[in-house]
Amino acid sequence: MRTPPRPEGLYPSPTVRYTQFMVETGQIQLLQITYPRTHTRTHTRFRMYERALFAACLLTLMLFQRAESCEPRPVLVQVPNTVPAGYFITQVTLSGCTAIPVSFTSSDPDFAVNIDGSIVTLRSLVITTKRFSVLVQDNSGLDWRVEIILSCKNEESQKSGSVAQRRAKRRWRPLPFSVVENASPPFPKDVEMIASDSSVNYTVHYVISGQGVTEEPVGLFKLDQKTGMVRVTGPVDREKNPVFNFIARVFDQNNRESDQFLPITVMVEDVNDNAPEFTGNRFFTVEERCRAGTYVGQVNATDRDQPKTPHSLIKYILLNSTDMFSIDQSTGKITAKSNTLDREAQDKVYVGVEIRDMGGASDGLFNRGTAVISLTDVNDNPPTFKEKLYKGTVKENLANVLVTRIPVEDKDLVNTPNWKAVYEVTKGNENGNFRMETDPKTNEGLLYVIKGLDYEKTPVMNLEVTARNEAPLVGTDAKWQSVQFQLNVEDVDEGPEFNPNIMYLKVKENLPNGTVIGTYKALDPETKNSNGIKYYKLTDPGNWITVVESTGELKVANTIDRESSLVHNDTYNITIKAVDESKKTGNGMVVLQIEDVNDNIPLIQRPELNMCNRGDAVSSVLIEAVDQDKPPYSTPFIFELGAEQEGKWKLKDITDSSAVLQQVEPMPNGMYTVPITVKDLQGTGKEQIVNVRVCSCQREDSGVGICGTRSASVSLGNYGILALVLSGLLLLLLCLFLIFFCSTKRDKLHITDDTGTGGMLLKSNTEAPGEEVKDGTLMLIPTADVVDGSFQSAVMESKNVNTASGRYGQQFFQDGGVYNTTTQEFGTDQYYTSGRYDNKIYGNGTLQKFSNTGTLDTWRTNGCYLDKKLAYFGEQEDGRYADDLLKNYGNEGVGSSAGSVGCCSILGEQESMDFLNTLGPKFRPLADICYTTNKTGK
């Protein structure tokens, strides 16, 4: 508001101050003008003028405020530099309006507006200047936008104390202003002038900073520092910057701020400079034949111009296909307009859509696009036949053959259930001669004959074939179609046919051989007679029937037995073959229904029974009988006890096929023979013997006594089982100990050696023959002397030496006498061999034969003494010499390099005896004896 002109030449410069009045919803600033009191009369006149002017202004402003009471004014709030979350900023109200606010929405996510209009922070913020808006809506649908301007309390104003308090009442002017976007040149253009009341007292200049000035877009606004005029330097795009917020400051000549800074908001007024644009998908699908009003899809569009203004109000218009579809002009929803959409006529519909702002006004901006609507298939077309009558031909008696293919047409989508056909023979297939299938590639119907047709019976067959789809028909009044099919049966020369194909004959079992039980004949289909037809039997498992070749008579060949395993359910099957003169054949079957006769008697199933001895109580057993015949030749049976069994046994609880045999008095254990007669219902039967064993039973299994002792696990119990296990473990331990002892024990035979050559015989368990045995007979030449009651000998041991009789033994030679340790006898005609005779004993060509002349007594004396000595050794308590016996040993390992040391060994050739000089001292005496014997030949 400009300062009114003062009366020229009356007063010096007036003093201007603002006086604030609170009128309902806002603050109204009234300008009060005071002039110096220089002249009293003039002053009084002007005081009257001042009062009148003040009253008029007050009345005008009050009326204006009342008219504009529902226009929200920006709210300026000073806050600390840092505010925490939940900090209360201010409260938004619509005082003076009749509207009742129902919702508040903040444009800044850092602030929340409660239902009472109070604004609080959602997080901790550092604020220098901040501007946002609150959208207020009432219950009638109207809305207001209230601008909230936050500024920070600076420290300088806080320190200034009372000065700040006085300046708090002063206000900058004007209120927030606006510019129109995309204004046309020339530039710059004046926007608004700002002024501070400090300009009354100071010479001031103004400075602006912030968005559009010192921040992007830099330099869009500039300020005349002296006059305070804000100018815009170029066109503004609201879609990029809908509002500009910057700060104006005022400074005196000393460059000190003479007033608080003023946040300035420049609103950018929208113009319709953006055409609507399509968004989202424009490809839709809908079923053909759908009902009118079926939802198809929605076309979406947006406009960058200011929302909720005519500039962004879009109208949707269809450019074509208006007979098929309609569109909601405000939402863009497309719906089907009729129920006649036909995929077979057009599977895709390209619909042009226009979007125009300004609510569709002719001067609005617009865009055009295309929506593609695909029609999905439904089964609204049944398969149709190309012909009205189809014909085919097939030879009689053929089965499982393809007769013909029947094509159809279907307009629905290929290879879907709406297109795939299913065929059925609806007439003429009462006997099940035909089968229909569908070719999956061509959709043709395939007609098969699965049972041979008879030309003589039906030369022509009239069929009706119906075609359906896998899916039911939808949205059409059409019905499934049928077509007539004429099938001609061709005649062929057929073999004879039995009539009936299966003949049933009732026969009694056990008929005499040769009995005629019936005749089974075949006819020639062409001549209808049996001339020249011969009959042969194909199958007869029991060979019970013979077939007369020329007549087809059936005769009994072997006994027919109903109880045979070849009979099932009293029936027995025979197959017959008929052969005509042209060698064509036909087969038939004869089913013998065998009638039962009373040819079996009841037999007791178990003639051997166990009866448990119950002490003083009588026992009983169950006797069961079986008759292979059927009633009335079998059950119920008659059980009778032999007369001699009266007083011992009795029968009770007799049923159709069983009876209980019970003791009259308790019987001791033993075997009892009980004769029982069992007869069938016709009185046919015989006496049978039942052997009953009375015994002490350990248990009964299904009522049958089990005789015998109880098992160890039952009689001994748990402790008995444990004792058996422990004893078994002890026995196993003993066996292991004996094995260890036998494998480590060495029995020794000490031999007295007066010459100082001690000896020791070790036991050997190896019985394999040594190398010496393979080379020839090994002879042992012992010497024995009786010195002080002891027996001394030098022994050379053979390796696995066998006598001719297969026994092992050793022979001692002395003075021509021979003592055999195996036969324990002397002789002069016995020879020592190793399983073979050799004529090169001692290297000469004669077999040595030993005589007992002159030496027999000596050998006998030595033998008797030796027996006594051995008996004496065997009687020793400690058994030290119990094993001191000459024994035959097996292989003792690899021999010495000298070979055998036996003086009587058979050598391949005469060798030198010098090697004897290399023997040890223990073998020295023995070597001397061998050498002397070899030289003398004794």
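Hydrogens, waters and symmetry mates are skipped; everything else that's a heavy atom, side chains included, is used. Keep in mind it's a predicted model, so treat the numbers as computed, not measured.
Closest approach of Asn300 to Tyr316, counting heavy atoms only: C-OH, 4.1 Å. Scanning all heavy atoms of the two residues, the minimum distance from Ser151 to Leu76 falls at OG-CD1, 4.2 Å. When all heavy atoms of Val230 and Leu223 are compared, the closest pair comes out as CG2-CD1, 3.7 Å. For Met193 against Thr227, the heavy-atom pair with the smallest separation is CG-O, 3.3 Å. For the pair Ser199 and Val204, the tightest heavy-atom approach, listed with the atom from each and the gap, is CB-CG2, 3.7 Å. The two residues Asp357 and Leu365 have their closest heavy-atom pair at OD1-N, 2.6 Å.
Inspection of the Gln91 and Ser118 side chains reveals no N or O donor paired with an N or O acceptor under 3.5 Å. Between Asn274 and Asp305, the side chains place a donor N or O and an acceptor N or O closer than 3.5 Å (distance only, hydrogens not considered). In summary, the side chains of Thr302 and Thr279 do not present any donor paired with an acceptor at a separation below 3.5 Å, with no hydrogens or angles considered. Between the side chains of Gln137 and Ser103, at least one donor N or O lies within less than 3.5 Å of an accepting N or O. Checked by atom type, the side-chain pair Glu344/Asn381 shows a donor-acceptor distance below 3.5 Å. Donor-acceptor pairing under 3.5 Å is recorded for the side chains of Asp328 and Ser330. Side-chain contact, Thr285 with Ser374: no donor N or O sits under 3.5 Å from an acceptor N or O. Remark: the Glu269 side chain and the Gln306 side chain contain no N/O donor-acceptor pair separated by less than 3.5 Å.
When side chains are defined from C-beta on, Phe325 counts as touching Val296, because their heavy atoms get closer than 4.5 Å. The closest side-chain heavy-atom distance from Leu150 to Phe111 is below 4.5 Å. Residues Leu319 and Val353 are not in side-chain contact: their nearest non-hydrogen atoms beyond the backbone lie 4.5 Å or more apart. With contacts defined as side-chain heavy-atom distances shorter than 4.5 Å, the pair Phe244/Val268 qualifies. Taking the side chain as every heavy atom from C-beta outward, Thr90 and Val75 approach each other to under 4.5 Å.
Note on residues 233-248: pairs passing salt bridge (charged side-chain N to carboxylate O under 4.0 Å, His left out), not counting sequence neighbours, are Arg238-Asp270.
In summary, Arg356 and Glu354 engage in a salt bridge, as defined by a charged side-chain N under 4.0 Å from a carboxylate O. Using a cutoff of 4.0 Å between basic side-chain nitrogens and carboxylate oxygens, Asp323 and Lys337 are not scored as salt-bridged.
Across Val213, Ile208, Thr129, Leu262, a single residue satisfies side chain to side chain contact (heavy atoms under 4.5 Å, CB included) together with Ile247, and that is Thr129. For the side chain to side chain contact (heavy atoms under 4.5 Å, CB included) with Val136, the qualifying choice from Val92, Thr105, Val113 is Val92, the only one to do so. A side chain to side chain contact (heavy atoms under 4.5 Å, CB included) with Ile194 is found for one member of Asp224, Val250, Ile264 and no other, namely Ile264.
Under a cutoff of 6.0 Å and an axis angle of 45°, Arg249 and Phe251 do not form a cation-pi pair.
Between the side chain of Asp380 and the main chain of Gly475, no donor-acceptor pair closer than 3.5 Å is present.
The environment of NZ in Lys189 is crowded: more than 12 heavy-atom neighbours from other residues, nucleotides or ligands sit within 6.0 Å.
Ring-plane geometry between Phe246 and Phe221 is classed as tilted, the angle between the planes lying from 30 to 60 degrees on a 0 to 90 degree scale.
Here Ile334 contributes atom CD1 and Gln298 contributes atom CD; the two are 9.0 Å apart, rounded to the nearest 0.5 Å.
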Could you walk me through whether Thr340 and Glu288 pass the side chain to side chain contact (heavy atoms under 4.5 Å, CB included) test, one step at a time? CA-CA 7 Å; Thr340 60; Glu288 63 170 334; over 6 Å; no
Apply the test side chain to side chain donor-acceptor pair (under 3.5 Å) to residues Ser209 and Thr214: give CA-CA distance (whole Å), side-chain angles for both, the deciding distance (0.1 Å), then the verdict. CA-CA 5 Å; Ser209 62; Thr214 58; 5.0 Å; no
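Residues that satisfy the salt bridge (charged side-chain N to carboxylate O under 4.0 Å, His left out) test with Arg343, not counting sequence neighbours, are Asp377.
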